[in-house]
Peer 1: 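Pasting in a structure now, in structure tokens, and then I'll have a few things to ask.
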Amino acid sequence: MNDLITTDLVRLDADLGADKHAVIRALADVVAQAGRAVDVEALVADALAREEKSSTGLKDGIAIPHCRTTGVEVPTLVFARLSPKVDFGAKDGPADLAFLIAAPAGGDNTHLQILTKLARALVKPEFTDGLRAAETPEDVVDVVSRVVDAPAPAKKTPAPAAGGAGVGTDAGNAAGGAPQPTASAEPAGDATPVADPQARRRLVAVTACPTGIAHTYMAAEALEAAAARAGVDIEVETQGSAGATPLAPATIAAADAVIFAVDVGVRDRGRFAGKPVVSSGVKRPIDEGDKMIAEALRYADDPSSPRVEGEVTAGEGGGANEGWGAKTRRVLMTGVSYMIPFVAAGGLLIALAFLFGGYEIALGSTFDGAEVNTAQHIATNSSLVNLPDTSAYDMGQASLPHSALLTYIAALLLTLGSAAFGFLVPALAGYIAYAIADRPGIAPGFVMGAIAGITGSGFIGGIIGGVLAGVAAHWIAGRKVPIWARGLMPVLVIPLLATLAAGFVMIVVLGKPLAELSEALTDGLNSMSGGSAVVLGAILGLMMAFDMGGPLNKTAYAFATTGLTAAATATSAPELRIMAAVMLAGMVPPIALALATVLRPRLFSVPEKENGKAGWLLGASFITEGAIPFAAADPIRVIPSMMLGSAVTGGLSMAFDVSLRAPHGGIFVLFAVDGVLGFLVALVAGVLVACAAVVALKSFGRTTAELATV
């Protein structure tokens with residue numbers, strides 16, 4: 001047990017104060033009296049800080065104040081049976097059993113695994129009943145020892161899921177819980193048939209709390225126990241301090257629904273995209289595990305239930321069997337997915353700035369003889385009660401065309417949008433590093449993104465810098481260090497050394513070559529005209545329609561949006577034409593399929609016709625994923641048809657010199673389009689081609705018997 005608890009860390013039927021703050025301080029004093037605290041004030045402060053995030057009172061009279069702290073050097077558990085009871089914030093009343101769990105800030109995985117076993121035991125009545133019945137401190141130590149010294153239960157061999165997807169039947173596989181019993185069907189007469197394992201419902205869950213010590217594992221144990229009572233298979237990914245083993249992609253794919261019981265963000269949330277989801281804080285499963293399982297099953301059967309946002313791609317999530325190709329794709333898609341909100345917010349703000357103030361608001365000017373950034377100068381030196389004098393800004397042959405009020409609003413919007421765009425490459429690099437090294441990679445990754453801007457290497461430099469920072473942080477995090485240094489690793493040592501290592505390579509070795517490569521790419525885009533531009537537009541259209549939200553689609557979109565970063569405030573640039581071609585091509589599939597369901601409804605099933613009704617708005621809003629249900633049902637006919645139509649639209653968009661300053665929005669950002677007529681003609685042409693192609697393939701490629709069934 002590594003002396004997690006000893007008799008001098010036990011208090012029975014003790015009066016430790018009138019409120020939880022007094023009890024926590026008294027329990028910390030017990031740690032000090034036992035010679036286990038190196039800084040009792042730090043222990044108290046950290047435990048109270050955790051208590052402020054959310055109360056640690058649980059149902060059935062249990063309280064578990066806990067923290068990671070520099071106040072102890074070995075994991076320590078203090079137990080007190082309180083008399084009188086003290087309120088720790090539980091819904092059903094005060095607590096008579098109180099545990100103070102203190103984990104060293106740099107505790108190793110062995111220590112944390114011990115605390116994990118204890119946390120899981122806290123939701124088991126037989127464990128707490130034993131503590132209430134204890135007559136001596138030795139009895140308490142014996143009860144706790146039997147839990148934390150018990151070997152981990154053996155895992156069952158995963159049973160194949162319906163359709164061939166492998167999923168474990170042991171509810172505790174992912175989280176280390178006890179094996180759960182197999183449910184059986186209701187008996188019929190004297191026979192007792194066993195339920196078909198293929199018919200069992202399957203759930204997955206993620207639990208996580210801020211410190212990752214107690215609630216994370218208690219919630220997992222509670223969900224597993226509730227699932228066993230309901231006859232449901234569940235696998236839980238505990239994203240706690242003891243590390244997390246990601247759920248296998250096949251397990252997630254086979255699940256009917258997902259439960260997120262978290263007080264922090266879910267790592268790699270995109271793995272669960274499209275699944276019905278029940279979301280709550282980490283304490284709810286402990287109090288209402290049965291209700292959450294029932295709610296998840298109800299959501300699984302409800303087409304209108306809440307779903308995890310986004311779309312999932314093969315190999316996403318970083319499982320143990322993830323190949324290099326899948327890992328590379330996951331890392332890049334993580335960076336892109338976190339980058340897109342900066343692009344969307346910044347691009348739309350800049351487009352609105354041009355709407356209110358004209359393109360001139362982005363030009364430089366001279367004010368009182370000094371050269372200034374026009375928009376920033378107006379935003380920081382004017383206000384709604386002190387509007388700018390537009391004539392005071394000398395732009396040579398140009399001038400600010402609108403009123404002082406509209407110019408001021410435009411300046412604010414452009415300043416905000418430019419600031420948002422300034423984070424694009426740092427966010428791309430930072431979250432690429434995060435995908436490789438988790439949180440320790442974020443800071444060095446963001447710095448490498450900023451270095452990419454300083455060296456002029458653009459988004460290519462951001463990608464390479466993010467990879468370098470992530471690899472460096474991951475390597476450093478894997479080094480063995482003394483216990484006293486472990487608490488410094490994630491907040492000081494890893495960011496410092498990873499930034500130094502990756503920064504040296506980025507500036508000294510790769511800075512100039514990457515800048516030259518980025519400049520050559522820009523020159524190549526600027527030189528594109530005529531046939532070469534049309535070919536590029538067609539290729540981008542093919543990419544947008546091939547997987548409709550998958551890696552190729554996102555690659556084309558990232559190429560367009562990163563180019564938009566540098567060109568959104570320009571009066572004319574090839575990057576703006578690329579953005580238009582990409583958006584238009586992505587709008588084609590949902591609209592074309594919606595049109596096809598109207599023109600030839602007998603070629604489509606009832607669910608497809610319902611999806612077609614939504615396709616109009618989804619396509620008009622540039623949500624290509626609206627076509628996925630059609631592609632999933634009939635990929636051989638649908639995908640080539642959509643690729644053909646999107647390629648036509650992309651090529652025509654480039655041929656008509658359509659340009660776009662907004663990264664999203666579809667027809668709702670026509671104000672940001674240069675060449676609206678060409679925009680509409682290209683869109684209509686691609687939709688008609690895609691619609692005709694899919695109708696032809698579905699008509700001529702199906703037998704009479706098939707047609708009769710739709």
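What you see is a predicted model, and the numbers here were worked out from it, not measured in a lab.
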Peer 1: On a heavy-atom basis, which atom in Phe604 and which in Lys609 lie closest, and how many Å separate them?
Peer 2: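 Residues Phe604 and Lys609, closest heavy atoms: O-CE, 3.5 Å.
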Peer 1: I need the Ile432 CD1 to Ile464 CD1 distance, nearest 0.5 Å.
Peer 2: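 The CD1 atom of Ile432 sits 10.0 Å away from the CD1 atom of Ile464.
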Peer 1: Heavy-atom count around Leu599 CG within 6.0 Å, excluding the residue itself: above 12?
Peer 2: yes
Peer 1: Could you check if a side-chain atom of Trp616 sits within less than 4.5 angstrom of a side-chain atom of Val598, using non-hydrogen atoms only?
Peer 2: yes
Peer 1: Would you compute the distance between atom CG of Leu352 and atom CG of Leu414 and round it to the nearest 0.5 angstrom?
Peer 2: 11.0 Å
Peer 1: Looking at side-chain heavy atoms only, is the closest gap between Pro249 and Arg271 below 4.5 Å?
Peer 2: no
Peer 1: Just to verify, what does Phe546 make a ring-ring contact (aromatic ring centres under 6.0 Å, His included) with, not counting sequence neighbours?
Peer 2: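 Not a single residue meets the ring-ring contact (aromatic ring centres under 6.0 Å, His included) criterion with Phe546.
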Peer 1: Measure the shortest side-chain to side-chain distance between Ile361 and His402 over non-hydrogen atoms and say whether it is less than 4.5 angstrom.
Peer 2: no
Peer 1: Tell me whether the rings of Tyr431 and Phe446 are parallel (<30°), tilted (30 to 60°) or perpendicular (>60°).
Peer 2: perpendicular
Peer 1: What's the shortest heavy-atom distance between Val425 and Gly462, and which atoms?
Peer 2: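 So the minimum-distance heavy-atom pair works out to CG1-CA, 3.7 Å.
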Peer 1: Would you confirm whether Lys275, through its side chain, and Ala253, through its main-chain N or O, come within 3.5 Å as a donor-acceptor pair?
Peer 2: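 Flag set: sc Lys275 to bb Ala253 pair under 3.5 Å.
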Peer 1: Do Leu660 and Met583 touch side chain to side chain, with heavy atoms closer than 4.5 Å?
Peer 2: yes
Peer 1: Set out, in order, the CA-CA distance, both residues' side-chain angles and the distance that settles side chain to side chain contact (heavy atoms under 4.5 Å, CB included) for Met544 and Val582, then state yes or no.
Peer 2: CA-CA 7 Å; Met544 290 298 292; Val582 164; 3.6 Å; yes
Peer 1: Going through the checks in order, is the side chain to side chain contact (heavy atoms under 4.5 Å, CB included) test met by Glu295 and Ile259?
Peer 2: CA-CA 9 Å; Glu295 190 173 342; Ile259 295 173; over 6 Å; no
Peer 1: In the structure I gave you, are the side-chain heavy atoms of Val684 and Val687 within less than 4.5 Å of one another anywhere?
Peer 2: no
Peer 1: With a 4.5 Å heavy-atom cut-off, do Leu203 and Val258 have their side chains touching?
Peer 2: no
Peer 1: Hey, is the main chain of Arg637 close enough, under 3.5 Å, to the side chain of Lys698 for a donor-acceptor pair?
Peer 2: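 Not a single qualifying donor-acceptor pair exists.
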Peer 1: Find out whether Leu595 and Leu688 are in side-chain contact, i.e. whether some heavy atom of one side chain is under 4.5 Å from a heavy atom of the other.
Peer 2: yes
Peer 1: Could you grab the distance from atom CE of Met654 to atom CG of Leu540, nearest 0.5 Å is fine?
Peer 2: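 One finds 7.0 Å between CE of Met654 and CG of Leu540.
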Peer 1: Pair Val694, Phe630 - check side chain to side chain contact (heavy atoms under 4.5 Å, CB included), show working.
Peer 2: CA-CA 11 Å; Val694 76; Phe630 296 89; over 6 Å; no
Peer 1: Within the structure provided, determine whether Met642 and Val638 are in side-chain contact (heavy-atom separation under 4.5 Å).
Peer 2: yes
Peer 1: Is the number of heavy atoms from other residues, nucleotides or ligands within 6.0 Å of CZ (Phe260) greater than 12?
Peer 2: yes
Peer 1: Could you tell me the separation between the CG atom of Leu510 and the CD1 atom of Ile460, rounded to the nearest 0.5 Å?
Peer 2: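 Reported to 0.5 Å precision, the distance equals 12.0 Å.
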Peer 1: Would you say the side-chain atoms of Arg202 pair up with the backbone N or O of Asp256, donor to acceptor, closer than 3.5 Å?
Peer 2: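 Side chain of Arg202 to backbone of Asp256: no pair is present.
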Peer 1: Would you please name every residue forming a ring-ring contact (aromatic ring centres under 6.0 Å, His included) with Tyr299, sequence neighbours left out?
Peer 2: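 ring-ring contact (aromatic ring centres under 6.0 Å, His included) list for Tyr299, sorted by chain: empty.
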Peer 1: Under 3.5 Å, side chain of Ser653 to main-chain N/O of Thr649, donor-acceptor pair present?
Peer 2: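 Answer holds: no.
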Peer 1: Of the non-hydrogen atoms in Gly445 and Ala429, which two are nearest, and what is the gap between them?
Peer 2: O-CB, 3.2 Å
Peer 1: Nearest 0.5 Å, what's the CD1-CD1 distance between Ile293 and Ile234?
Peer 2: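 It is 4.0 Å, given to the nearest 0.5 Å.
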Peer 1: How far apart are the closest heavy atoms of Leu584 and Ala682, and which atoms are they?
Peer 2: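 Nearest heavy atoms, Leu584 then Ala682: CD1-CB, 4.3 Å.
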Peer 1: Give me the atom names and distance for the closest heavy-atom approach of Ile436 to Gly466.
Peer 2: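 That would be CD1-O, 4.5 Å.
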Peer 1: Answer yes or no: is there a donor N or O on one side and an acceptor on the other, between the side chain of Thr597 and the main chain of Ala594, under 3.5 Å?
Peer 2: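 Checking the backbone N and O of Ala594 against the side chain of Thr597, a donor-acceptor pair under 3.5 Å is found.
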Peer 1: Rounded to the nearest 0.5 Å, how far does CG of Asp438 lie from CD of Gln239?
Peer 2: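 Reported to 0.5 Å precision, the distance equals 8.5 Å.
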Peer 1: Report the C-alpha separation of Phe272 and Val277 in whole Å, then their side-chain angles, then the decisive distance to 0.1 Å, and conclude whether the side chain to side chain contact (heavy atoms under 4.5 Å, CB included) test is met.
Peer 2: CA-CA 9 Å; Phe272 305 92; Val277 60; over 6 Å; no
Peer 1: Closest approach of Gly357 and Pro401, non-hydrogen atoms and distance?
Peer 2: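 Closest approach of Gly357 to Pro401, heavy atoms only: O-CD, 3.6 Å.
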